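Handing you this structure, nothing more for now.
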There are 2 protein chains.
Amino acid sequence: MATGRRSPTLESVAAASGVSRQTVSNVINAPDRVAPPTRARVQSAIESLNYSPNRMARSLRTRASRAIGFCVPPAVPNRLNPVLDRFVHAIADAASARGFHVLLFTAPAGPAGLDGYAELMAQQAVDGFALSETVVNDERQAWLMERGIPFVAFGRTWNDDDSGAWVDVDGAAGVAAAVDHVHGLGHRRIAFLGWPRGSGVGDDRLGGYLAACERLGVPSLVARGTESMAEGHAMASRLLGGPEPPTALVCVSDTVALGALRAVARRNLAPGRDVAVVGFDDTPFAALPGFELTSLSQPIEEAGRTVVRMLLKHLERKGSRRGEAHEPGEPPATNVLLRPTLVIRSSTDPEASRLAR
Amino acid sequence: MATGRRSPTLESVAAASGVSRQTVSNVINAPDRVAPPTRARVQSAIESLNYSPNRMARSLRTRASRAIGFCVPPAVPNRLNPVLDRFVHAIADAASARGFHVLLFTAPAGPAGLDGYAELMAQQAVDGFALSETVVNDERQAWLMERGIPFVAFGRTWNDDDSGAWVDVDGAAGVAAAVDHVHGLGHRRIAFLGWPRGSGVGDDRLGGYLAACERLGVPSLVARGTESMAEGHAMASRLLGGPEPPTALVCVSDTVALGALRAVARRNLAPGRDVAVVGFDDTPFAALPGFELTSLSQPIEEAGRTVVRMLLKHLERKGSRRGEAHEPGEPPATNVLLRPTLVIRSSTDPEASRLAR
DNA sequence: ACGGTTCGTTTGATCGTTCAACTGTAGGTG
DNA sequence: CACCTACAGTTGAACGATCAAACGAACCGT
């Protein structure tokens with residue numbers, strides 16, 4: 001039985017079109033070097049044989065795997081990650097548009113997991129990495145940098161020495177826009193429900209709140225708690241029971257905001273009418289009827305595309321070895337800050353839901 | 001400048017330990033063929049040089065990429081996919097434990113996306129595929145089967161001709177367990193809030209409900225609506241306003257169940273006390289205070305591990321070409337049904353939350 | 001002493017592609 | 001006419017691993 005006919009190779013395409021290997025290779029990689037008639041002949045042979053080049057052979061020769069490594073962070077039970085699957089989809093999409101693949105792998109957190117990155121490079125399985133979920137004092141950036149391993153992070157380098165390229169969402173600007181929004185609706189006592197000190201993301205968002213309050217000349221009022229609905233509820237209850245209760249609650253996340261919403265409802269106050277509540281992330285259930293939570297939507301897809309674009313640009317530059325330098329100057333901006341957009345729903349503006357539909 | 005020292009190769013390890021290429025290769029792939037003293041010498045050379053084999057070269061020679069392709073389904077806006085990131089993490093984890101990688105790619109839905117699968121095989125970029133989100137009349141299975149491309153699906157083949165291996169969660173058994181649970185709590189009028197006819201997953205879950213009702217000798221009462229909180233709310237309101245209102249609502253998903261919960265609350269009935277509500281998926285917010293939704297938790301991680309295990313077994317069998325057949329009989333069970341577990345919270349049993357903590 | 005088997009190791013060929021150097025032809029320039 | 005350049009295409013070598021066959025030595029039984 002003639003099981004498993006092999007895929008066509010350069011050689012078979014060459015034979016079919018009466019030219020040599022290299023000419024077929026040129027048709028694929030540098031079509032302008034081949035005379036148009038020949039090119040057409042080879043092209044049709046490629047199509048009729050349904051040829052596509054063997055990636056392994058190509059990578060072996062060129063020392064480039066045309067793949068990007070991405071370490072999937074462990075799924076934390078009972079905490080939804082509103083970002084991950086969108087980001088993963090975005091980088092996979094952007095990569096394939098440029099002929100790259102995304103290689104997934106898992107690694108233990110902390111320094112123990114770093115070997116995984118090095119091994120993939122040593123195996124020539126990937127050309128570089130996309131990082132996500134960067135934290136304060138993340139070891140990965142410096143470690144990769146030292147070894148000259150290309151990478152781009154989704155999430156700032158929160159360390160002092162900001163080394164390495166990153167793309168991030170401007171949480172401060174987002175929260176400031178939220179404060180402006182509720183201020184514009186007439187609110188003057190605007191509180192911020194945040195995370196404990198020391199998380200890069202949380203401090204960034206808090207910073208935007210403080211700056212906006214100062215700019216608008218309204219007092220600031222900050223509560224802190226962990227990322228949970230229960231804490232959101234507790235923080236909101238405490239503030240609403242205080243002497244001069246806030247009329248707007250700007251929250252560091254949708255989860256916290258949902259807790260706050262429940263606290264508002266429990267006091268028989270109408271969200272949006274009596275107390276405005278704003279979340280962050282625009283998670284799927286922010287839009288659910290019954291919540292209708294105004295929230296900041298992160299441009300995750302754009303972030304993914306940008307990460308890939310920057311990484312590939314970096315790889316190109318590395319790839320061109322000999323000859324004069326690619327660009328005389330230093331590399332262009334290695335950091336990109338994207339602005340989240342405020343999605344207004346009835347938790348701040350009861351008119352909003354009617355208008356949206 | 002001596003930039004970019006190359007990674008060590010078999011040859012360099014061989015030179016360092018005074019043996020030939022092939023011996024080093026044997027130390028890695030078939031250590032028992034090498035005399036212990038030699039093996040030790042080579043091993044130490046491998047470690048001191050920090051050698052790891054070039055995957056591309058190996059794949060080129062062996063015609064096996066040791067990678068599994070996975071097509072990331074597009075993220076549907078405003079609908080959370082409680083399964084995807086857990087599943088992706090699980091397959092990546094299980095694959096790396098066996099020296100395999102997971103290669104992500106995206107493809108348009110429907111027949112247009114099939115080329116992507118074929119191309120990856122032609123490029124020798126992957127050895128096979130893990131599928132997810134199988135639907136009724138999914139073209140992919142038959143198409144891959146025809147071409148002899150190895151795959152295992154997470155999700156049944158809902159077509160008539162059940163071709164191809166799959167792993168799935170037994171939705172019928174899960175829902176039946178939920179019905180048993182509320183029946184055991186004394187409920188006799190138990191309704192099912194389901195999806196429109198024709199979705200494989202939805203019909204499976206409904207089937208479990210009907211079977212359990214018949215077995216227990218209680219009447220069945222079915223409502224159907226699309227996957228949304230609003231529809232869940234509508235269905236529950238309709239039933240609760242009927243002549244003989246149910247006292248238990250078993251729902252096809254957590255989203256529908258959340259709508260039902262709100263409908264219960266709006267009628268000033270206490271969930272768990274007056275009306276029991278059960279969801280499906282055990283999404284993160286089922287556990288949130290304020291919902292405390294009893295739900296069926298899918299063993300996604302186990303499903304991912306099983307998919308990978310079955311796929312690799314299939315690949316091994318394919319890989320061993322010559323010689324007598326690997327196993328004389330037909331392949332063992334190509335389908336695996338995993339049972340979801342019922343997580344009991346106060347939406348059915350008010351005591352539950354106290355006990356759990 | 002001889003052929004046979006086993007064990008440990010080496011050697012040459014090969015996977016499919018790209019790189020670098022080369023060949024031959026045509027056209028332009030002094 | 002000699003020379004240089006540009007163009008179109010070919011050829012051998014290389015990337016780093018594994019496969020298949022061969023090798024020498026030791027051991028064995030007759």
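Computation of the quantities below employed the complete heavy-atom set of this structure, encompassing side-chain atoms and omitting hydrogens, waters and symmetry-equivalent molecules. So that the names make sense, note that chain A is the first sequence line, chain B the second, and so on, each numbered from 1. Owing to the predicted nature of the structure, the values given are computational and were not obtained by experimental measurement.
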message = So, using salt bridge (charged side-chain N to carboxylate O under 4.0 Å, His left out) as the criterion, who are the partners of A:Asp93 when residues are at least two apart?
response = none

ask   = Starting at CD of A:Gln123 and ending at C1' of D:dG16, how long is that distance when rounded to a whole Å?
value = 13 Å

ask   = To the nearest angstrom, how far is B:Leu60 atom CG from D:dA14 atom P?
value = 17 Å

message = Which heavy atom of A:His89 sits nearest to which heavy atom of B:Thr106, and what is that distance?
response = CE1-CG2, 3.7 Å

ask   = Can a donor-acceptor pair under 3.5 Å be found between the side-chain atoms of A:Arg61 and the base atoms of C:dT17?
value = no

request  = Spell out yes or no: do the side chain of B:Arg21 and the base of D:dT18 have one donor N/O and one acceptor N/O closer than 3.5 Å?
outcome  = yes

note = A:Asn29 atom CG is separated from C:dA20 atom C1', nearest whole Å, by 15 Å

note = From the list B:Trp143, B:Phe151, B:Phe105, ring pair (Phe, Tyr, Trp, His ring centres under 6.0 Å) with B:Phe129 holds only for B:Phe105

request  = Determine: side-chain N/O of A:Asn54 to OP1/OP2 of C:dC15, distance under 4.0 Å, yes or no.
outcome  = no

task = Round to a whole Å and report the spacing from CZ of B:Arg55 to P of D:dA17.
result = 13 Å

Of the listed nucleotides C:dT17, D:dA17, C:dT18, the one nearest the side chain of A:Thr9 = C:dT17

query = Which listed nucleotide (D:dT18, D:dA17, C:dT18) is nearest to the side chain of B:Gln22?
reply = D:dT18

query = What is the distance, rounded to the nearest whole Å, between atom CG of A:Leu10 and atom C1' of C:dG16?
reply = 7 Å

Geometric class of the A:Phe87/A:Phe154 ring pair [parallel <30°, tilted 30-60°, perpendicular >60°] = parallel

ask   = Which one, C:dT17, D:dA17, D:dG16, comes nearest to the side chain of B:Pro53?
value = D:dA17

task = Describe the nucleic acid contact of A:Arg63 in one word from base, sugar-phosphate, nothing, applying a heavy-atom distance below 4.0 Å.
result = sugar-phosphate

Polar atoms only, N or O, under 3.5 Å: list the protein pairs with nucleotides 7-9 of chain C and their distances.
residue : atom : partner : partner atom : Å
C:dT9   : OP1  : B:Thr38 : OG1          : 2.3
C:dT9   : OP2  : B:Ala35 : N            : 3.0

